[in-house]
Amino acid sequence: MRRQPLVIAVAQPRTIPYDIVANAAGHADVVRSARARVVVFPELSLTGYELDAPAVAADDPRLALIVEACAEAGSTALVGAPVQGEAGREHIAMLAVDGTGAHVAYRKVHVHQSEERFSPGDGPAVLDVDGWRLGLAICRDTRFPEHDAATAALGMDVYVAAVLDHARDAHVPVERAQRITADRKVWVVTASFAGSTGGGFDQAAGGSAVWAPDGTIHAQAGIEAGEWVRATLHNQ
């Protein structure tokens, strides 16, 4: 059966450090405005890149605003948060939120040494949305060809990355997206943090974008926090 086109948005919301209530409200506003089937947010978007932020549970009542917005818009939102794992471990994660609730969809595999509080995730993951298989990645994962190769081995149509780069490194997500499209022949969707946040990121890169399998850019945001763009993905 031929799949219907997939409308996907990438967002770089204004983020208040540690303030999950305010940030959830901002995420919900984006979901309602974008009216996309999938809305992707950057790494640790719910807390900011504050490496000491408390873990967020999938059933945290503060996520209700995003759940409600997803129910209204018919969307799945991929949002970033620290989460609790097994045996006391913690992870940098991507939560999949829809109108029924939230669950942990992916845990970052290639954790940076500066993120010593967090443990690596178990491995690659894909999320099925309307027959489209979304391969998931968080920031440093995109550096390693073995990560997108392992994700592709699960069967993916889109490589979805939630990232954070300094403005001086704005070329990095672009170069990595171009490599992945060349190597894997899939859509690449990158939600890139904008504005300022912890960890020394006084000016994040922004520039969230959607690349087609041939490497052309179908949509790209600017550098400012609060921007979002969307694109319609078609079968290639």
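Given the structure is predicted, the values throughout are model-derived calculations rather than measurements.
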| message | Any salt bridge linking Asp52 with Arg117? Criterion: basic side-chain nitrogen under 4.0 Å from a carboxylate oxygen. | response | no
| Are Trp211 and Ile180 linked, directly or through other ILVMFWY residues, by side chains that come within less than 4.5 angstrom of each other? | yes
| task | Go through the side-chain N and O atoms of Tyr159 and Asp183 and say whether any donor and acceptor fall under 3.5 Å apart. | result | no
| query | Going by heavy atoms in the side chains, are Asn23 and Ile16 under 4.5 Å from each other? | reply | yes
| message | Are Val39 and Val210 connected into the same hydrophobic cluster when the rule is that any two of I, L, V, M, F, W, Y join if their side-chain heavy atoms are below 4.5 Å apart? | response | no
| Do other residues, nucleotides or ligands put more than 12 heavy atoms under 6.0 Å from Glu146 CD? | yes
| Is there side-chain contact between Leu46 and His27, with at least one heavy-atom pair below 4.5 Å? | yes
| Option passing side-chain contact (heavy atoms from CB on, under 4.5 Å) with Thr76 (candidates Ile8, Leu134, Asp98) | Asp98
| task | Would you please indicate if the ring centroids of His110 and Phe144 are separated by under 6.0 Å? | result | yes
| task | Treat each ILVMFWY residue as a node, draw an edge where side-chain heavy atoms are under 4.5 Å apart, and state whether Val163 and Tyr49 are in one component. | result | no
| Closest non-hydrogen atom pair, Pro120 against Val111 | CA-CG2, 3.8 Å
| query | Any ion pair linking Glu115 and Arg140 (charged N to carboxylate O, less than 4.0 Å)? | reply | no
| remark: Rounded to the nearest 0.5 Å, the CG atom of Leu164 sits from the CD1 atom of Ile138 at a distance of 12.0 Å
| message | If you apply the rule side chain to side chain contact (heavy atoms under 4.5 Å, CB included), what do you find for Glu227 with Ser208, and how did you get there? | response | CA-CA 9 Å; Glu227 297 187 34; Ser208 301; over 6 Å; no
| Do Leu95 and Val83 have side chains that get closer than 4.5 Å, going by heavy atoms? | yes
| task | Would you indicate whether Arg14, at its atom CZ, is surrounded by more than 12 heavy atoms from other residues, nucleotides or ligands within a distance under 6.0 Å? | result | no
| task | Show your working on salt bridge (Lys or Arg N to Asp or Glu O under 4.0 Å) between Asp214 and Lys185 and close with a plain yes or no. | result | CA-CA 7 Å; Asp214 64 3; Lys185 309 302 181 188; over 6 Å; no
| request: Can you see which heavy atom on Val160 is nearest to which on Met94, and at what distance? | output: O-CE, 4.3 Å
| How about Gln4: does its CD atom have over 12 heavy atoms from other parts shown lying under 6.0 Å from it? | no
| Within one Ile-Leu-Val-Met-Phe-Trp-Tyr cluster: Phe41 and Trp228, side-chain cutoff 4.5 Å | yes
| request: Using a 4.5 Å cut-off on heavy atoms from C-beta on, say whether the side chain of Trp187 contacts that of Trp132. | output: yes
| said: With salt bridge (Lys or Arg N to Asp or Glu O under 4.0 Å) as the criterion, how do Asp130 and Arg37 come out once you've worked through the C-alpha distance, each side chain's angles and the decisive distance to 0.1 Å? | reply: CA-CA 9 Å; Asp130 300 341; Arg37 184 67 182 91; 2.7 Å; yes
| When hydrophobic residues are tied together by side-chain contacts of less than 4.5 Å, even through go-betweens, does Ile66 share a cluster with Phe193? | no
| request: Please check if any side-chain donor atom of Asp165 sits under 3.5 Å from a side-chain acceptor atom of His171, or the reverse. | output: no
| Do His147 and Thr142 have a side chain donor and acceptor closer than 3.5 Å? | no
| So do the side chains of Leu44 and Leu51 get within less than 4.5 Å of each other, counting heavy atoms only? | yes
| query | Under 4.5 Å between any side-chain heavy atoms of Arg176 and Arg143, yes or no? | reply | yes
| message | Heavy-atom count check: over 12 atoms from other residues, nucleotides or ligands less than 6.0 Å from Arg89 CZ? | response | yes
| request: Take Asp148 and Arg184 through the salt bridge (Lys or Arg N to Asp or Glu O under 4.0 Å) test and state the conclusion after the steps. | output: CA-CA 8 Å; Asp148 49 271; Arg184 310 299 165 205; 2.6 Å; yes
| query | Asp141 and Tyr106: side-chain hydrogen bond (donor to acceptor under 3.5 Å, both in side chains), yes or no, with the steps? | reply | CA-CA 12 Å; Asp141 292 331; Tyr106 176 71; 2.6 Å; yes
| said: I'd like to check Val7 versus Arg230 (side-chain heavy atoms, cut-off strictly below 4.5 Å). Are they in contact? | reply: yes
| Note, Gln220 side chain near Val229 side chain (heavy atom, < 4.5 Å) | no
